[in-house]
Asks: 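Before we start, here is the structure in question, set down as structure tokens.
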Amino acid sequence: MTTPDELRARAGELENRVPPMTAGPRTDDDRMWLEKAAALRAEADSLDTTKQ
């Protein structure tokens, strides 16, 4: 099982793959990385609330 901290760290890694908005419009890959990162953060939040 993955801990919430590990999930958030992985989300951060995915977000770092995406160039800043000033680099130009987002590609489909950029959006995919951001969506996966958001899903990981949501899963981490869910795990946090179930432990409390």
Asks: Looking at residues at least two apart in the chain, or sitting in another chain, which of them share a side-chain hydrogen bond (donor to acceptor under 3.5 Å, both in side chains) with E13?
Replies: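 Only R10 meet the side-chain hydrogen bond (donor to acceptor under 3.5 Å, both in side chains) criterion with E13.
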Asks: Determine the minimum heavy-atom distance between P4 and A44, stating which atoms define it.
Replies: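 So the two residues come closest at O-CB, 3.7 Å.
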Asks: Partners of R41 by side chain to side chain contact (heavy atoms under 4.5 Å, CB included), sequence neighbours excluded?
Replies: R8, A11, E15
Asks: Could you pull out every donor-acceptor pair under 3.5 Å between side chains of residues 29-39 and any protein atom, sequence neighbours left out?
Replies:
unit_1 : atom_1 : unit_2 : atom_2 : d
D30    : OD1    : T27    : OG1    : 3.4
D30    : OD2    : T27    : N      : 3.2
D30    : OD2    : T27    : OG1    : 3.3
R31    : NH1    : R26    : O      : 2.8
R31    : NH2    : D28    : OD1    : 2.4

Asks: Within this structure, what is the CG-OG1 distance for the pair D48 and T50, rounded to the nearest 0.5 Å?
Replies: 7.5 Å
